[in-house]
Amino acid sequence: MTIGIDKLNFFAPHLYVDLVDLATARGVEPAKYTIGIGQEKMAFPPLTQDTISMGANAALPIVSKEDAELIDLVILGTESGIDYSKAGATVIHQLLGVQPFARAIEIKQACYGATAGLLMAKDYIQSHPGRKALVIASDIARYGLATGGEVTQGAGAVAMLVSDNPKILALEDESVVYTDNIFDFWRPVYSDNALVDGKFSNEAYITFFSTVWEEYKRRTNRCLEDFEALCFHLPYSKMGKKALLPVLENDGATDSVKEKLLTNYEHSILHTKAIGNIYTGSLYLGLCSLLDNQPNLKDNQLIGLFSYGSGAVGEFFTGRLVPGFSDHLQTEAHHNLLNERQALTIPEYEAVFKEKLPQDGSEMKLDTQADPASICIEKITDHQRYYYKK
Ligand code: HMG
């Protein structure tokens, strides 16, 4: 029995900031953002979107009525959840009409949370064939106005339906995970914005990738040549390449292996360039990008996935493209979603950045018509958010 990703979809809010505009406003050479960091646009959520609504919007198009009856697990991976106690997955469970005898939980470990969820879901299906699990990665990446990390912000969600005999990617059993207690990026409970030691975080990411890759090779006797593509956690589009290049050199990759992996890397970063960091969904946004933009991928090819969550946990795991996978992608919807967005001027972005839902229990009604998403926050009152499905 194979187990893996049966359906896959992402969502990004309809607002974005053009990073050439941002660079100009911050007095930075635009090429630093567009070439040095490798980002073009940064998705930004209106007040009508949070991690719950974005996660539900990502899942809505792929969860059919039949799926909702078979889902036993709803897992939300997020590090920008809205409640210390109640899992956002309980709301998503309701918004999607999932059958009531299901488990709904939220998982946190920075950008690694959804990977933990995906691999837990795989184990669950192993012991419950025929059932399904919904794994959602949803986050808003905020570093603050005019900070070093500002250009690497973003917002969005990825939803994955996990089942046996999946239609897109069959996950393999062997993976290597590595944990070390470091402070490269974190967000204390009293802070809306992340704290980050930017240079150290880059170094930690690179070290974690080489560490899990070396151990993976030792355990499996596989090498770079075995892979058609490697997908990376993408806090910004250049990060994965910074980790990949030294490994290509160390492993003595041939020119054709280098060309194959670097070309596919470029396909995997296109959605991230247009959206930014979506934290725990970033790796899976990279997978969507690869599948949406690489028409020459073939059935049964092996894809490697590197998940990294600051703090830090890194994991390298793998999957094989299922025969016929290309018939089950949401490519057109993804391109439409990206093309139909609306640019914010920098003053507009700064104004939206400072907006907040009330935190004193008072009521605020929101304009759901101004947001084209299917699911929006419509109201907050008595410290409870109400979501509206159009
Ligand atoms: P910075 O200090 O603004 O940028 O920080 P820099 O000076 O390092 O420059 C960046 C690149 O632009 C450099 O290229 C420059 O040479 C180049 P590199 O040496 O890296 O190849 N550059 C130019 N290129 C062309 N034309 C120019 C030009 N000027 C400079 N004119 C940093 C950048 C990413 C550190 C910062 O934005 C930041 O702190 N971001 C947030 C942290 C982050 O994204 N870390 C990534 C690894 S940790 C991770 O992935 C986990 C995370 O997702 C969180 C989680 O797990 O939850 C973040």
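Read the numbers this way: they start at 1 and go in the same order the structure lists the ligands and their atoms.
Ligand-side atoms of ligand 1 in range of T152: 37 (O), 40 (N), 41 (C), range being under 4.0 angstrom from any heavy atom. Listed by atom number, the atoms of ligand 1 under 4.0 Å from G198 heavy atoms are 35 (C), 39 (O). Those atoms of ligand 1 with a heavy atom of Y143 less than 4.0 angstrom away are 41 (C), 42 (C), 58 (C). With ligand atoms numbered from 1 in the order given, ligand 1 contributes 54 (C), 55 (C), 57 (O), 58 (C) to contacts under 4.0 Å with heavy atoms of F185. Near A110, meaning under 4.0 Å from one of its heavy atoms, ligand 1 places the atoms 55 (C), 56 (O), 57 (O). Counting the atoms of ligand 1 from 1 in the order shown, those under 4.0 Å from a heavy atom of E79 are 55 (C), 57 (O). Of all the atoms in ligand 1, the ones that sit under 4.0 Å from a non-hydrogen atom of Y236 are 34 (C), 44 (O), 46 (C).
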- Item | E315 vs Y178, side chain to side chain donor-acceptor pair (under 3.5 Å): CA-CA, chis, key distance, verdict | CA-CA 6 Å; E315 182 151 2; Y178 180 76; over 6 Å; no
- List the steps, then state whether side chain to side chain donor-acceptor pair (under 3.5 Å) holds for T331 with D292. CA-CA 5 Å; T331 304; D292 287 342; 2.8 Å; yes
- Would E69 and K132 satisfy salt bridge (charged side-chain N to carboxylate O under 4.0 Å, His left out), going step by step from the backbone distance to the final call? CA-CA 9 Å; E69 287 305 315; K132 298 190 183 201; over 6 Å; no
- Query: Please walk me through it: do Y387 and D50 pass side chain to side chain donor-acceptor pair (under 3.5 Å)?
  - Reply: CA-CA 10 Å; Y387 297 84; D50 63 7; 2.6 Å; yes
- Can you list the steps and then say if S64 with K7 is a side chain to side chain contact (heavy atoms under 4.5 Å, CB included)? CA-CA 11 Å; S64 67; K7 297 185 188 176; 4.2 Å; yes
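On a distance-only criterion, S310 and ligand 1 share at least one N/O pair closer than 3.5 Å. Considering both main-chain and side-chain atoms, G309 never comes within under 3.5 Å of ligand 1 through any nitrogen or oxygen pair. Considering backbone and side-chain atoms together, Y279 places no N or O closer than 3.5 Å to any N or O of ligand 1. For a threshold of 3.5 Å applied to N or O pairs, the pair formed by Y205 and ligand 1 contains no separation below that value. When only interatomic distances are considered, the shortest N/O to N/O separation between G148 and ligand 1 falls below 3.5 Å. Residue K199 has at least one N or O atom closer than 3.5 Å to an N or O atom of ligand 1.
When only non-hydrogen protein atoms are considered, atom 3 (O) of ligand 1 lies nearest to K32 NZ, 2.8 Å. Protein heavy atom in closest approach to atom 38 (C) of ligand 1: G149 CA, 3.9 Å. In terms of protein heavy atoms, atom 12 (O) of ligand 1 is closest to G36 CA, 3.1 Å. Counting protein heavy atoms only, atom 25 (C) of ligand 1 is closest to A31 O, 3.5 Å. Closest protein heavy atom to atom 42 (C) of ligand 1: V196 CG2, 3.5 Å. Scanning the protein for heavy atoms near atom 53 (O) of ligand 1, the closest one is H233 NE2, 2.8 Å. Nearest protein heavy-atom contact of atom 32 (C) of ligand 1 is I37 CD1, 4.5 Å. Of the protein's heavy atoms, K238 NZ, 2.9 Å lies nearest to atom 21 (O) of ligand 1.
At least one test fails for K241 against the ring of Y265: distance under 6.0 Å to the centre or angle within 45° of the axis.
The side chain of N277, and not its backbone, has at least one atom closer than 4.0 Å to an atom of ligand 1 (non-hydrogen atoms only; side chain from C-beta on). Residue contacts with ligand 1, taken as heavy atom pairs separated by less than 4.0 Å, involve E29 solely via side-chain atoms from C-beta onward.
Protein heavy atoms are found less than 4.0 angstrom from atom 55 (C) of ligand 1. There is a protein heavy atom less than 4.0 angstrom from atom 40 (N) of ligand 1. Contact annotation for atom 15 (C) of ligand 1: protein absent (non-hydrogen atoms, distance under 4.0 Å).
For H128 (side chain) and Y124 (main-chain N/O), a donor-acceptor pair under 3.5 Å exists by modelled atom type. For the pair Q49 (side chain) and I377 (backbone), a donor-acceptor distance under 3.5 Å is absent. In this structure a side-chain-to-backbone donor-acceptor pair under 3.5 Å is present from D139 to T280.
At a threshold of 4.0 Å, the pair K32-E29 does not count as salt-bridged, since none of the basic side-chain nitrogens sits closer than that to a carboxylate oxygen. With respect to the salt-bridge test (charged N to carboxylate O, under 4.0 angstrom), the residues E150 and R142 do not qualify.
Using 4.0 Å as the threshold, Y112 has no heavy atom nearer than that to any atom of ligand 1. At least one heavy atom of K242 sits closer than 4.0 Å to an atom of ligand 1.
For F208 and Y308, the ring centers sit closer than 6.0 Å to each other. If you look at H271 and F10, their ring centroids are closer than 6.0 Å.
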Give every donor-acceptor pair under 3.5 Å between a side-chain atom in residues 350-359 and any protein atom, sequence neighbours left out.
residue	atom	partner	partner atom	Å
E350	OE2	R26	NH1	3.0
E350	OE2	R26	NH2	2.8
K356	NZ	D192	OD2	2.8

Below 3.5 Å, can you tabulate the donor-acceptor pairs from side chains in residues 35-43 to any protein atom, sequence neighbours excluded?
residue	atom	partner	partner atom	Å
Q39	OE1	S237	N	2.8
Q39	NE2	T272	O	2.8

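For the residue pair D184 and S310, a side-chain donor N or O sits within less than 3.5 Å of a side-chain acceptor on the partner.
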